[in-house]
Amino acid sequence: MNVRDPFDDAALYDWEYRRRRDDVRFYGTLADERGGPILDLGCGTGRLMLPLLRAGHTVVGVDRGPAMLARAAARLARLSPRARRRALLLRADLRRIPVVQRFAFAVAAFHTIQHLATDRELGDFFAEVARVLQPGGWFAFDTFAPNAQFLARANAARDRRWARTRFRHPTTGRRLEYSESYRLEDRILVSTFHYDPVGRGQRGGAADRRVELAHRLLEPGEIRRLAAGAGLSLIASWGGFDGRPLAPPTEQHVYLLRRGTAQRGRRARGRQKK
């Protein structure tokens, strides 16, 4: 079975997460409140970037995945000329952001920062974010914080699978069965997404696909410590995109940081103060 990069099938990615909209609305509200220019870190196929452009913002999107950026570029090409002039896509590692411009608002949606595995990588990333933010600029992001019941899946038998469902690939039309399995390697949760062909004589073929996605598990205290080391202060946190407090058993942690105190941004509405 082929183990592949989780972001090499951009069309499938967009299809699988087509209904994930709560974070787009949430970050759009913050962007409208703080203003731009905006830096979209881990922009992927433009899931967040395009709505921000349609709302009138100037946005620079950064990602390392060529397939994701190609799909983002294709989607940008369908926008109006005025919106396209406010957009820029860059391929880069998030620990070395290739910009000298300063941004009022930066965002790393959909657990992007958890792809950085070590404290050093995370520290380098936060330092880069601080470097490219304006004084008083905001940085918003979210993390996945699985509860004990979810983590118990990592101790299950290796052949145990969850979330089985059948679907047709959005571009090839091929029938596939999707399922998930997990393992825990110290502080890294490795999620394996299986795509098994459905139909007589298809299993075990060269098209079998397995994707592995690693997430560094992060506690709120670690976020505060790593951010503070880069000169970023935590000004708000939530336990989801509906604004609930960050407290167990919520598995979606959302953070808002600010660079320095030279300029005070407008208050984040309904935020949970720290």
Side-chain angles (χ1 to χ4, degrees), residues 5-7 23 26-27 30 38-44 47-48 60-65 68 90-100 102-147 150-151 154 182-191 212-241 246 248 250-261 268 272 274:
D5 185 281
F7 305 111
D23 59 338
F26 183 90
Y27 290 128
L30 288 181
I38 297 170
L39 181 62
D40 184 2
L41 296 163
C43 66
R47 193 176 62 88
L48 174 60
V60 174
V62 180
D63 203 281
R64 69 171 181 83
M68 304 292 272
L90 298 172
R91 185 184 180 193
D93 188 307
L94 296 183
R95 295 165 295 176
R96 297 289 184 271
I97 304 170
V99 297
V100 294
R102 294 293 184 92
F103 296 85
F105 182 57
V107 58
F110 206 176
H111 318 147
T112 291
I113 77 163
Q114 290 178 280
H115 301 319
L116 302 169
T118 68
D119 279 8
R120 181 172 182 175
E121 290 176 336
L122 286 160
D124 289 345
F125 169 69
F126 280 119
E128 279 290 271
V129 172
R131 178 183 65 81
V132 301
L133 279 178
Q134 300 171 1
W138 288 359
F139 174 42
F141 61 96
D142 54 83
T143 63
F144 176 52
N147 59 30
F150 188 99
L151 288 175
Y182 307 92
R183 67 181 187 273
L184 194 60
E185 300 176 355
D186 194 16
R187 300 296 309 285
I188 306 296
L189 177 65
V190 180
S191 303
E212 290 191 346
L213 188 61
H215 282 104
R216 160 72 185 270
L217 301 182
L218 288 163
E219 297 292 336
E222 293 177 290
I223 295 291
R224 285 192 293 268
R225 172 178 60 81
L226 291 163
L232 299 168
S233 58
L234 179 67
I235 58 171
S237 60
W238 300 268
F241 297 110
L246 198 165
T250 179
E251 294 185 306
Q252 192 72 242
H253 294 181
V254 189
Y255 299 93
L256 181 62
L257 309 181
R258 182 174 59 209
R259 176 182 182 252
T261 56
Q272 176 189 349
K274 285 292 181 181

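Computed from a predicted structure; not experimentally measured. All residue numbers refer to positions in the sequence shown, counting from 1.
With rounding to the nearest 0.5 angstrom, the CG atom of L234 is 12.0 Å from the CZ atom of F139. Rounding to the nearest 0.5 angstrom, the gap separating the CZ atom in F144 from the NE2 atom in H253 is 10.0 Å. Expressed to the nearest 0.5 Å, how far CG of D23 lies from CZ of F241 amounts to 4.5 Å.
Under the 4.5 Å side-chain criterion, counting only non-hydrogen atoms from C-beta, L257 is not in contact with L133. Using a 4.5 Å cut-off on side-chain heavy atoms (C-beta onward), D124 and R96 make contact. Using a 4.5 Å heavy-atom threshold, the side chains of F7 and D63 count as separate. Side-chain contact between P98 and R91 is absent, with no heavy-atom pair separated by less than 4.5 Å. The side-chain heavy atoms of S191 and E212, taken from C-beta on, include no pair separated by under 4.5 Å. Side-chain contact between T143 and Y255 is present, with heavy atoms from C-beta onward closer than 4.5 Å. Counting heavy atoms from C-beta outward, V60 and L90 have side chains that approach closer than 4.5 Å. At a threshold of 4.5 Å between non-hydrogen side-chain atoms, the residues L218 and L122 count as touching.
Using a distance-only test at 3.5 Å, with no hydrogens or angles considered, a donor-acceptor pair links the side chain of Q114 to the main chain of R216. With hydrogens and angles disregarded, no donor-acceptor distance shorter than 3.5 Å links the side chain of R225 to the backbone of P220. Remark: side-chain polar atoms of D186 are not paired, donor with acceptor, to backbone N or O of I188 under 3.5 angstrom.
Counting only N and O atoms by type, the side chains of D142 and Y27 include a donor and acceptor under 3.5 Å apart.
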Which is it for W138 and I235 under the side-chain contact (heavy atoms from CB on, under 4.5 Å) test, yes or no, and what are the steps along the way?
CA-CA 9 Å; W138 288 359; I235 58 171; 3.8 Å; yes
Full working for salt bridge (Lys or Arg N to Asp or Glu O under 4.0 Å) between E128 and R95:
CA-CA 6 Å; E128 279 290 271; R95 295 165 295 176; over 6 Å; no
Would you check, one step at a time, whether the test salt bridge (Lys or Arg N to Asp or Glu O under 4.0 Å) holds for D40 with R47?
CA-CA 10 Å; D40 184 2; R47 193 176 62 88; over 6 Å; no
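Contact detail for R131 and V99: the closest heavy-atom pair is NH1-O, 3.0 Å. For the residue pair L246 and S237, the shortest heavy atom distance occurs at CD1-CB, 3.8 Å. A pairwise comparison of heavy atoms in E121 and L116 identifies OE1-C, 3.5 Å as the closest pair. Here the shortest heavy-atom pairing between E222 and L217 reads OE1-O, 3.8 Å. Residues A154 and L184 approach most closely at CB-N, 3.6 Å, considering heavy atoms. For the residue pair A106 and L41, the shortest heavy atom distance occurs at CB-CD1, 4.5 Å.
Within 6.0 Å of CZ on R64 lie no more than 12 heavy atoms contributed by other residues, nucleotides or ligands.
Partners of H215 by ring-ring contact (aromatic ring centres under 6.0 Å, His included), not counting sequence neighbours, listed by chain and number: H111, H115.
Considering I223, V129, T112, L256 as possible partners of F141, the one that fulfils the side-chain contact (heavy atoms from CB on, under 4.5 Å) test is I223.
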